[in-house]
Amino acid sequence: MEKSLKWSSFRREAASTVLARVPCSVFRVPCSVFRVPFSGFRVRRSPPWASPYLTGHASSTVPWGRGLGELRTSLTQFAAMGMSAAADVERGRSLVPPYLPPPLPQRPWFPWLVPTFFVANVAAFAYSMYVNDCPASIQAGSCLFYEVLGRFSFQPLLENPLLGPSIPTLDRVGALDWRKVVTEGEAWRLISCIWLHAGLVHLAANMISLLFIGVRLEREFGFVRIGLLYVFSGFGGSLMSSLKFQPNISVGASGALFGLLGAMLSELITNWTIYSNKIAALSTLILIIIINLAVGFVPHVDSSAHIGGFISGFLLGFILLIRPQFGWISRKYIPPGYDIDRVKPKFKCYQYLLWCTAFVVLLSGYAVGLVKLYNEAPVD
């Protein structure tokens with residue numbers, strides 16, 4: 001009896017030794033058991049922007065493919081290794097387990113930057129309407145909703161059918177005009193124009209798209225990468241629009257929004273190996289992109305900004321939204337004695353190739369576009 005008690009005690013100590021070899025900052029279970037850092041793993045999942053309507057799977061938001069039953073089974077098997085540790089000690093074997101259990105779902109980022117962009121766009125529109133002051137420029141009775149909005153009332157429908165300010169007002173507050181960019185040194189208009197809108201209808205359409213697409217991406221990739229993606233895509237759209245050397249001004253966040261769509265496509269391509277339901281998501285996304293690009297060719301719509309923003313976002317997606325490959329484990333979370341040769345490299349070769357190619361093409365495109373804008377602008 002005494003020998004049996006000693007043997008059980010030794011088996012418990014051996015199990016504790018095994019579990020102690022695993023980093024203790026990890027699994028979302030009581031610390032008295034053991035934990036494994038969820039950020040140290042890459043597992044298969046559906047695209048971050050995908051929904052059941054796009055993929056046909058209601059479980060598209062689950063970041064990894066194991067069910068709770070399989071998770072409990074894996075934990076049980078891992079803990080059971082400690083029960084055989086006594087035999088391992090007698091045979092001189094290592095107490096390190098041959099594999100690590102799967103992680104729990106990664107906690108998404110809190111989306112605050114995209115809603116801030118939404119507020120900034122609305123505030124910029126309100127400011128443009130304040131500067132416009134329709135009753136001060138024409139008869140108050142001609143302004144739309146003057147009795148309710150007063151100074152913020154809209155221009156007549158014949159002048160602006162989108163329910164917004166006049167063209168001179170938009171030009172005054174920062175609309176894109178290639179002449180002023182080139183001849184008057186107002187390069188800031190390449191950025192300021194993406195925060196302005198021609199009217200309430202224009203603003204509503206873009207902001208709905210921004211919230212629907214941007215919030216999902218920010219929850220997955222964080223505010224830094226999505227913020228850079230939004231601004232540089234908008235800049236690419238403005239640059240492409242300026243290169244048309246058209247006589248009209250241009251405003252709107254459409255270039256930045258098409259950049260988000262382009263980044264969604266390139267993100268799916270560069271992270272192809274870690275996703276399930278690839279074909280369904282890719283075909284649906286391409287269809288959405290084609291429809292939106294086709295809408296850009298209707299009259300009075302700046303299709304150049306859409307195309308420039310889409311190309312910029314597509315290239316930026318390869319640079320900013322790259323993910324570690326399926327099965328990768330962060331080395332800082334590997335316990336001592338684990339077989340390092342079994343750890344996969346963080347990225348695949350094709351991911352490095354796409355990253356370098358996109359970086360070179362993007363910088364070259366921006367440089368060539370700026371040179372062409374300042375050196376080849378037509379002289380009046």
Side-chain angles (χ1 to χ4, degrees), residues 115-184 186-212 230 234-235 237-258 292 294-309 380:
T116 302
F117 285 168
F118 171 84
V119 174
N121 279 272
V122 174
F125 179 73
Y127 174 72
S128 65
M129 293 304 302
Y130 176 82
V131 173
N132 184 65
D133 193 10
C134 178
S137 57
I138 62 176
Q139 292 183 357
S142 301
C143 299
L144 295 179
F145 307 113
Y146 169 72
E147 296 78 6
V148 178
L149 300 177
R151 182 187 181 109
F152 293 89
S153 55
F154 306 121
Q155 293 294 122
L157 289 177
L158 292 177
E159 182 178 351
N160 188 342
L162 297 178
L163 302 180
S166 63
I167 292 178
T169 298
L170 290 173
D171 186 48
R172 196 183 316 152
V173 297
L176 179 61
D177 185 347
W178 67 267
R179 296 182 185 84
K180 294 186 176 181
V181 171
V182 175
T183 61
E184 300 181 18
E186 298 181 358
W188 52 269
R189 289 179 178 269
L190 294 170
I191 298 296
S192 64
C193 66
I194 68 177
W195 308 99
L196 300 173
H197 289 83
L200 187 61
V201 177
H202 188 202
L203 175 69
N206 280 347
M207 292 303 99
I208 291 174
S209 300
L210 173 63
L211 294 178
F212 182 77
Y230 185 88
F235 171 77
S238 299
L239 183 59
M240 180 73 79
S241 177
S242 298
L243 292 176
K244 285 185 63 177
F245 302 113
Q246 57 188 357
N248 302 324
I249 63 172
S250 177
V251 294
S254 301
L257 295 176
F258 271 88
N292 281 273
V295 172
F297 289 97
V298 301
H300 307 295
V301 175
D302 191 357
S303 59
S304 298
H306 295 179
I307 297 174
D380 294 337

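The residues of the chain are indexed from 1 along the displayed sequence. Basis for what follows: all heavy atoms, side chains included, without hydrogens, waters or symmetry-related copies.
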**Message:** Does Ser142 form a side-chain contact (heavy atoms from CB on, under 4.5 Å) with Gln155? I'd like the steps, not just the answer.
**Reply:** CA-CA 8 Å; Ser142 301; Gln155 293 294 122; over 6 Å; no
**Request:** Give the intermediate values and the outcome of side-chain contact (heavy atoms from CB on, under 4.5 Å) for residues Leu163 and Leu144.
**Result:** CA-CA 8 Å; Leu163 302 180; Leu144 295 179; 3.6 Å; yes
**CA sep, side-chain torsions, deciding dist, call: Val251, Leu176, side-chain contact (heavy atoms from CB on, under 4.5 Å)** = CA-CA 6 Å; Val251 294; Leu176 179 61; over 6 Å; no
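Proximity of a side-chain donor or acceptor of Ser153 to a complementary backbone N or O of Leu149 within less than 3.5 Å is not detected. No donor-acceptor pair under 3.5 Å is formed between the side chain of Arg189 and the backbone N or O of Val181. In terms of modelled atom types and a separation under 3.5 Å, the side chain of Trp178 and the main chain of Gln246 share a donor-acceptor contact. Checking side-chain atoms of Ser304 against main-chain N and O of Ser241 turns up no donor-acceptor pair under 3.5 Å. Between the side chain of Ser192 and the backbone N or O of Gly174, at least one donor-acceptor pair lies under 3.5 Å.
Atoms CD1 and SG, on Ile138 and Cys143 in that order, are 4.0 Å from each other to the nearest 0.5 Å. Taking CG of Leu200 as the start and CE of Met129 as the end, the distance is 9.0 Å to the nearest 0.5 Å. Here the CG-CD1 distance, from Asn132 to Ile167, works out to 11.5 Å after rounding to the nearest 0.5 Å. Taken to the nearest 0.5 Å, the CG atom of Asn121 stands 7.0 Å off from the CG atom of Leu210. Between the OG atom of Ser254 and the CG atom of Asp302 there is a distance of 8.5 Å, given to the nearest 0.5 Å. Note: Ile307 CD1 to Phe258 CZ = 9.0 Å, rounded to the nearest 0.5 Å.
Using bins of under 30°, 30° to 60° and over 60° for the plane-to-plane angle, the ring pair His197/His202 lands in the perpendicular bin. Ring-plane geometry between Phe145 and Phe154 is classed as perpendicular, the angle between the planes exceeding 60 degrees on a 0 to 90 degree scale with a lower cut at 30. Ring geometry for Phe117 versus Trp195: interplanar angle over 60°, hence perpendicular rather than tilted (30 to 60°).
Taking a 6.0 Å sphere around CD of Glu184, one finds it holds more than 12 heavy atoms contributed by other residues, nucleotides or ligands. The number of heavy-atom neighbours closer than 6.0 Å to CG of Leu157, taken from other residues, nucleotides and ligands shown, is above 12. For Phe245, the CZ atom sits in a packed shell: over 12 heavy atoms of surrounding residues, nucleotides or ligands are nearer than 6.0 Å.
Counting heavy atoms from C-beta outward, Ser250 and Asn248 have side chains that stay 4.5 Å or more apart. Side-chain contact between Ser238 and Ile191: absent, with no pair of heavy atoms (C-beta onward) separated by less than 4.5 Å.
Between Ala175 and Leu196, the shortest heavy-atom distance links the atoms N-CD1, 3.6 Å. The two residues Ser209 and Leu257 have their closest heavy-atom pair at CB-CD1, 4.1 Å.
A side-chain donor from one of Ser166 and Thr169 sits under 3.5 Å from a side-chain acceptor of the other.
Ion pairing between a basic and an acidic side chain is recognised when a charged N comes within 4.0 Å of a carboxylate O; Asp171 and Arg179 show no such pairing.
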